[in-house]
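Because the structure is a prediction, the values reported are computed rather than measured. Chain letters run A, B, ... following the sequence lines, proteins first and then strands; every chain starts at 1.
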Amino acid sequence: MTTVEISSTQLSQHTGSAVRIHGHIQSLRDMGNLAFVVIRDMSGAVQLVADEAEVLSVVRLATCETPVSAEGVVVAKPNGQGFEIHLKELTLLSTPAPSLPVEIGKQSKVDGLALSTMLDYRPLTLRSPKVRAIFKIEAVFCEAFREFLRERQFTEIHSPKIVATGTEGGAQLFKLNYFGREAFLAQSPQFYKQIMVGALERVFEVAPVYRAEEHDTTRHLNEYISMDVEMGFIESERDLTDLLNKLVRHMFEKVSQSCPEELSLFGAKVPEVAVIPAVTLSEAVDIINSYQKKGSAEKTDLDPEGEKIICEHFLKTENTDLVFITGYPLSVRPFYAMPLPAEGEMSSRSFDLLFRGLEITTGGQRIHRHEELVAAIKGRGLDPEAFKDYLQCFQYGMPPHGGFAIGLERIAKQLLGLPSVKLAALFPRDINRMTP
RNA sequence: GGCGCUGUAACUCAACUGGCAGAGUGCCGCGUUGUCUGCGCGGAAGUUGGGGGUUCAACUCCCCUCAGCGUCGCCA
């Protein structure tokens with residue numbers, strides 16, 4: 001009989017055959033003259049059954065997480081629920097692992113871990129089925145994001161992360177020493193993606209961005225993955241919200257199709273995305289005030305509590321997990337935001353997308369006329385000379401354009417109902433943590 | 001960074017009004033042929049975050065310090 005190399009998901013196709021499989025030992029149950037070994041591989045897990053003295057002696061040397069190669073015959077489980085491998089030979093591929101600080105094989109134990117323990121032992125906790133599922137889902141989000149945009153003739157770009165100036169001045173920048181000169185880690189690919197609209201018309205980028213903000217919350221990271229989009233020749237920000245609407249629909253559909261098991265580990269329900277409703281900021285504030293006894297919410301921005309109330313309202317009234325907030329005042333947006341003169345006060349052609357109570361996207365149309373942009377920069381008390389290189393593309397003609405950015409860890413956190421965005425980053429960087 | 005809370009075994013947590021530092025899981029040993037939270041018996045495991053103080057006596061009260069969690073500002 002020839003031995004075939006398989007992975008755990010292919011068991012049913014090899015009933016009665018001799019197979020070889022490799023993975024890490026996830027659990028060991030030694031019953032004396034019978035032992036059960038569950039191994040976890042890239043695709044799932046499988047139970048090995050050992051009942052021969054020679055194999056049992058090897059099993060007794062093994063410990064949880066030891067990588068092994070196993071050979072045996074695929075058989076149906078006696079209870080009829082799935083398949084297992086009747087073990088003929090087990091090879092330990094490394095020194096047996098010492099006892100584990102956290103029990104990653106048991107879901108209840110992993111769920112009960114303190115966030116700091118989860119992160120301190122990250123190389124280990126990332127192996128647990130539920131933790132790694134987060135990152136499989138994020139990979140599918142990225143895949144779907146790329147797929148959708150490529151189909152619409154967007155080109156993927158890679159902008160520099162070492163930059164000479166900040167974009168908006170709002171978020172704090174990490175300073176670094178660049179051969180004796182001052183440089184910064186990019187807080188956003190904003191300027192570069194706009195410049196690339198001049199060259200490629202439609203671009204996107206999936207890359208880390210850096211924010212040196214000194215807050216430690218469940219929705220902030222100092223390094224996170226920004227899924228950026230920018231497109232030219234738009235008529236208004238409506239073109240962007242339409243695109244974003246279809247994009248998130250595609251991303252959710254793809255995750256729903258590709259990751260049913262990963263989603264079920266979290267009991268997560270993927271939202272059905274129809275036409276995402278939109279409200280202006282001032283309408284949103286009125287709605288929030290109608291729920292709160294104090295009528296004091298300001299009409300400049302929403303606080304986290306307000307974001308929650310708005311989302312609850314729209315879930316109740318329109319059965320949607322997603323809602324656009326539009327018409328932010330120019331004053332709370334970066335200088336390049338396109339103004340929208342409305343009701344006496346200057347509003348902007350920008351929007352946020354909220355998902356189950358959290359902002360996952362910000363975007364908008366940008367100013368594309370050179371003279372207007374220079375005036376906007378001066379209006380913020382900034383020096384146009386500092387933005388000389390960025391302004392070049394406007395000097396030589398830029399079409400009406402705009403874009404948005406989706407926070408990968410945030411959309412994953414909200415989808416899976418994670419208590420902190422830090423759990424959605426492989427190795428999160430926050431104000432207190434730089435390792436592992 | 002402000003405010004609040006918490007630090008006890010590898011992990012998750014108990015310990016009354018200040019009175020012998022414990023449990024479950026994991027780990028080690030022995031037994032167990034259908035486990036999947038294996039089961040049974042036995043065992044090891046602690047500078048109670050650190051430092052100082054009050055007291056006959058401190059995990060417990062006070063001060064300092066370090067760390068973690070929550071929350072707010074800001075943002076994706």
A:Met227 CE to B:rA76 P, straight-line distance once rounded to whole Å: 16 Å

Sugar-phosphate, base or nothing in reach of A:Leu358, heavy atoms under 4.0 Å: nothing

Electrostatic pair A:Glu84-A:Lys77, nearest N-O below 4.0 angstrom: no

Side-chain ion pair, A:Glu52 and A:Lys88, N-O less than 4.0 Å: yes

B:rA21 to B:rC64 separation - P atoms, rounded to the nearest Å: 29 Å

A:Met118 CE - B:rU12 P separation (whole Å): 11 Å

Rounded distance in Å - CD (A:Gln187) to P (B:rC75): 11 Å

Distance in angstrom units between A:Glu103 CD and B:rU25 P, rounded: 10 Å

Whole angstrom value for the distance that separates C1' of B:rU71 from NZ of A:Lys308: 10 Å

Whole-angstrom distance between B:rG4 and B:rA76, as gauged at atom P: 31 Å

Same-atom distance (C1') from B:rG18 to B:rA10, integer angstrom: 30 Å

Sugar-phosphate, base or nothing in reach of A:Thr361, heavy atoms under 4.0 Å: sugar-phosphate

Qualifying side-chain hydrogen bond (donor to acceptor under 3.5 Å, both in side chains) pairs, either residue in residues 403-417 of chain A, two or more places apart: none

Ring-ring centroid check A:Phe387 A:Phe335, cutoff 6.0 Å: yes

Spacing of the C1' atoms in B:rG22 and B:rC56 (rounded, Å): 25 Å

Atom C1', compared across B:rU48 and B:rU60: separation rounded to whole Å: 10 Å

Minimum-distance nucleotide to A:Lys109 side chain [options: B:rG70, B:rU25, B:rA76]: B:rU25

Position toward the 5' end of RNA chain B (nearest nucleotide), A:Val102 or A:Leu119: A:Val102

Between C1' of B:rC74 and CG of A:Asn222, the distance in whole Å: 12 Å

Presence of A:Thr117 side-chain N/O under 4.0 Å of B:rU12 phosphate oxygens OP1/OP2: yes

A:Ile431 CD1 to B:rG68 C1', straight-line distance once rounded to whole Å: 14 Å

Pairs satisfying side-chain hydrogen bond (donor to acceptor under 3.5 Å, both in side chains), at least one member in residues 93-109 of chain A, at least two apart: A:Gln107-A:Asp111

A:Arg429 NZ/CZ over A:Phe427 ring centroid, <6.0 Å and within 45° of normal: no

Watson-Crick or G-U stems of RNA chain B, 3 or more pairs, under 3.5 Å, by first number: B:1-7 with B:66-72, B:10-13 with B:22-25, B:27-32 with B:38-43, B:49-53 with B:61-65

Sugar-phosphate, base or nothing in reach of A:Ala114, heavy atoms under 4.0 Å: sugar-phosphate

Selection residues 96-145 of chain A - residue pairs positive for ring pair (Phe, Tyr, Trp, His ring centres under 6.0 Å), sequence neighbours left out: A:Phe141-A:Phe252, A:Phe145-A:Phe204

Nucleotide nearest A:Arg219 (side chain, heavy atoms from C-beta), chosen from B:rC69, B:rG73, B:rA76: B:rG73

Gap between atoms CG and C1', on A:Asp430 and B:rG70 respectively (whole Å): 14 Å

Nearest listed nucleotide, side chain of A:Thr217, among B:rA76, B:rG73, B:rC11: B:rG73

Between B:rC27 and B:rG70 - C1' atom distance, rounded Å: 34 Å

Sugar-phosphate only, base, or nothing, as touched by A:Thr218 at under 4.0 Å among non-hydrogen atoms: sugar-phosphate

Interatomic spacing from CD1 in A:Ile137 to CD1 in A:Ile411 - rounded to 0.5 Å: 11.5 Å

Shortest side-chain distance from A:Ser99, nucleotide among B:rC69, B:rA76, B:rC27: B:rC27

Same-atom distance (P) from B:rC59 to B:rC69, integer angstrom: 27 Å

Pair A:Asp41, A:Ser7: side-chain N/O donor-acceptor within cut-off below 3.5 Å: no

Partner residues of A:Arg433 under the salt bridge (Lys or Arg N to Asp or Glu O under 4.0 Å) criterion, sequence neighbours left out: A:Asp120

Euclidean distance for C1', B:rA57 against B:rC20 (whole angstrom): 12 Å

Summary of protein contacts for nucleotides 32-39 of chain B, nucleotide by nucleotide, where a base hit scores B, a sugar-phosphate-only hit scores S (4.0 Å, heavy atoms): BBBBBSB-

Residue from A:Glu201, A:Lys193, A:Gln194, A:Arg366 passing side chain to side chain donor-acceptor pair (under 3.5 Å) with A:His401: A:Gln194

